[in-house]
Protein chains: 2
Amino acid sequence: MSKRNAILVAATQLFSRNGFQGTSMAQLSRLTDAARGTIFHHFTNKEDLFLNILKNVQENILTAFRHHKETTCYENGMEMVEGVVTFYLSLAGENEDQFLLLHRHYPYQMAETNPAFRSYLEAVYTCLLDIFEEGISIGILDGSVKAESPRNTAMVLFAMVDGVARFNTYNLYQAGSLYQDLITSCRKILAPGS
Amino acid sequence: MSKRNAILVAATQLFSRNGFQGTSMAQLSRLTDAARGTIFHHFTNKEDLFLNILKNVQENILTAFRHHKETTCYENGMEMVEGVVTFYLSLAGENEDQFLLLHRHYPYQMAETNPAFRSYLEAVYTCLLDIFEEGISIGILDGSVKAESPRNTAMVLFAMVDGVARFNTYNLYQAGSLYQDLITSCRKILAPGS
DNA sequence: ATAAAAACCGACCGATCATTCGGTTGGTAT
DNA sequence: ATACCAACCGAATGATCGGTCGGTTTTTAT
């Protein structure tokens, strides 16, 4: 792995666990065995490093979902939504650092003033909401789902799934066993009335 | 208002908007017209200041819900849950800074090592989940709600409500009009099958 | 083999950080 | 009037911060 990549990986870990402002370039230098000057050779400044991490996160998530969509097919819309929810949770489990980064408030704070941050974040959430919405819309056509506004229902659904995932990162309760309840709630939200 | 209180209010604003590590005592001193020494007269250090803020947040939320419970009564469990959801959203709207603080990751990071932080956060979420669970349990008894595990259903429900509230703070989309969809989803999750 | 380019290094810089401390002020009890 | 104490102040401190720069090593292309 190139040193530039090693820096990105280590910085993702540090930024997600200790926060952007809670991470010093000295820490990052120690963790990567790269001199501080080397880090600034690859990235113009600390913020640029963070932006590149966010770019990685965005590409990773978009690629993963594109691949998921191409390699799986479902009987109907309801099954597709359920599959997407399951895939989202497993992806969040495999890439803990990247998702923890998205669960911190700092990226969204940056997005208020820096359009580059905003566009990466928008890309992530637009992608996620689009997939949820697509499953819902398909489900409405094939009769497996009933929803008034597919977009709004997708938002509420995603808020629920992401909320459960985030609740786990709080480490206040062991909420890991909520998967079944989550899926059940999804089905109830989408199910057409008998 | 006492200077100590003014410091607490201003610090809540700064910590929630710029983060704990993104706020300097110099900033806080400027915003409160209090010398830096004065802040350290009232609070032993920056972390102790943050802990006192979290204590305020906890007391505020617990008091608000206790008052809400004492002054309102509902026809059945389903109505109670719906009322609690509505009250939670309005409370979050009135105390933006306090809830934004809870939506940042830093308090939970502190809770990993500092038991005082952990106990305040646990108190908040235990209170919230208890109220959701109570509504669900009452609803099961009066027939307005059906749920397998009241506690787990309460968690999923709360994750959904809080997830929507948080989504608004991202300022990526205008998700403010999700209230109706949220309530609808709540009812669908809890509704007994015809 | 050689030259150009890219990667890498760490001492150094000015700014800023949380915290300390010696001292002043204003109110209150005696 | 005196003594006391909590509230308040701001200059000083040492550590740490992000970032720079001149120079060395490694890689690549010719």
Side-chain angles (χ1 to χ4, degrees), chain A residues 1-56 97 101 104-107 109-114 116-117, chain B residues 1-56 97 101 104-107 109-114 116-117:
Chain A
M1 180 161 54
S2 73
K3 197 142 240 180
R4 191 190 125 100
N5 227 301
I7 293 170
L8 278 170
V9 169
T12 304
Q13 187 184 110
L14 288 175
F15 287 171
S16 67
R17 298 185 189 176
N18 308 328
F20 176 76
Q21 324 214 47
T23 300
S24 72
M25 302 307 273
Q27 266 180 282
L28 185 55
S29 166
R30 251 173 273 134
L31 191 60
T32 54
D33 281 321
R36 298 231 296 288
T38 304
I39 301 175
F40 285 101
H41 168 72
H42 289 291
F43 307 95
T44 61
N45 54 35
K46 200 183 176 187
E47 189 175 312
D48 176 58
L49 169 59
F50 191 51
L51 191 61
N52 275 276
I53 290 176
L54 200 60
K55 184 185 173 186
N56 270 5
D97 286 338
L101 212 66
R104 281 186 171 269
H105 190 73
Y106 195 76
Q109 185 180 321
M110 293 300 296
E112 303 273 339
T113 55
N114 189 326
F117 280 81
Chain B
M1 178 162 54
S2 74
K3 196 142 243 180
R4 191 190 125 101
N5 227 300
I7 292 170
L8 277 170
V9 170
T12 304
Q13 188 184 111
L14 287 176
F15 287 171
S16 67
R17 298 184 189 175
N18 308 327
F20 176 75
Q21 324 217 46
T23 300
S24 73
M25 301 307 271
Q27 265 181 283
L28 185 55
S29 166
R30 250 173 275 135
L31 192 60
T32 54
D33 281 322
R36 300 231 289 284
T38 304
I39 302 175
F40 284 98
H41 168 72
H42 290 290
F43 307 95
T44 61
N45 52 36
K46 199 183 176 186
E47 188 175 314
D48 176 58
L49 169 58
F50 191 52
L51 190 62
N52 275 276
I53 289 176
L54 200 59
K55 183 185 174 190
N56 270 5
D97 286 338
L101 213 66
R104 280 184 171 270
H105 190 75
Y106 195 76
Q109 184 181 322
M110 293 300 296
E112 304 272 340
T113 55
N114 190 324
F117 279 82

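What's counted below: heavy atoms across the whole structure, side chains too, no hydrogens, waters or symmetry copies. Throughout, a chain's letter reflects where its sequence line sits, starting with A, and its residues are numbered from 1. Values in this document were obtained by computation on a predicted structure and should not be read as measured data.
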Test your reading of the model: is there a side-chain donor-acceptor pair from B:S29 to the backbone of B:M25, 3.5 Å cut-off?
no
Over all strands shown, is A:R36 touching base, sugar-phosphate only, or nothing at heavy-atom distances under 4.0 angstrom?
base
Let me know the distance between NZ of B:K46 and C1' of C:dC17, rounded to the nearest Å.
8 Å
Need one value for B:T23: base, sugar-phosphate or nothing, where a base atom within 4.0 Å counts as base even if backbone is also close, heavy atoms only.
sugar-phosphate
For B:R4 and B:F43, work out which heavy atoms get closest and say how close.
NH1-CE2, 3.5 Å
Atom CZ of B:R30 and atom C1' of D:dG10 are separated, to the nearest Å, by 14 Å
In whole angstroms, the gap separating P of D:dC17 from CG of A:L14 amounts to 12 Å
Please determine whether a side-chain nitrogen or oxygen atom of A:H42 lies at a distance below 4.0 Å from atom OP1 or OP2 of C:dC8.
yes
Sugar-phosphate only, base, or nothing, as touched by B:S24 at under 4.0 Å among non-hydrogen atoms
sugar-phosphate
Atom pair distance, as rounded to whole Å: CG in A:L28 and P in C:dC9:
12 Å
Ignoring hydrogens and angles, tell me if any N or O in the side chain of A:K46 forms a donor-acceptor pair with the backbone of A:S24 under 3.5 Å.
no
Can you tell me how far P of C:dC17 sits from CZ of B:F20, to the nearest Å?
13 Å
Between D:dG18, D:dC8, C:dT20, which one does the side chain of B:F40 approach most closely?
C:dT20
For A:M25 and A:G37, take the nucleotide of DNA chain D holding the closest heavy atom to each; which residue's nucleotide lies nearer the 5' end?
A:M25
Looking at every non-hydrogen atom in both residues, tell me the closest pair between A:M1 and A:V9 and how far apart they are.
SD-CG2, 4.3 Å
So, is B:H41 close to the D:dA7 phosphate, meaning a side-chain N or O under 4.0 Å from OP1 or OP2?
yes
Does A:T38 put a side-chain nitrogen or oxygen below 4.0 Å from OP1 or OP2 of C:dA7?
no
For A:R4 and D:dT26, give me the distance from atom CZ to atom C1', rounded to whole Å.
19 Å
Just checking B:D48: base, sugar-phosphate only, or nothing, at a heavy-atom cut-off of under 4.0 Å?
nothing
Whole angstrom value for the distance that separates C1' of C:dT20 from CZ of B:F43:
18 Å
Protein-nucleotide distance (B:K3, atom NZ; C:dG27, atom P), rounded to Å:
14 Å
Would you call the rings of A:F50 and A:F20 parallel, tilted or perpendicular if under 30° counts as parallel and over 60° as perpendicular?
tilted
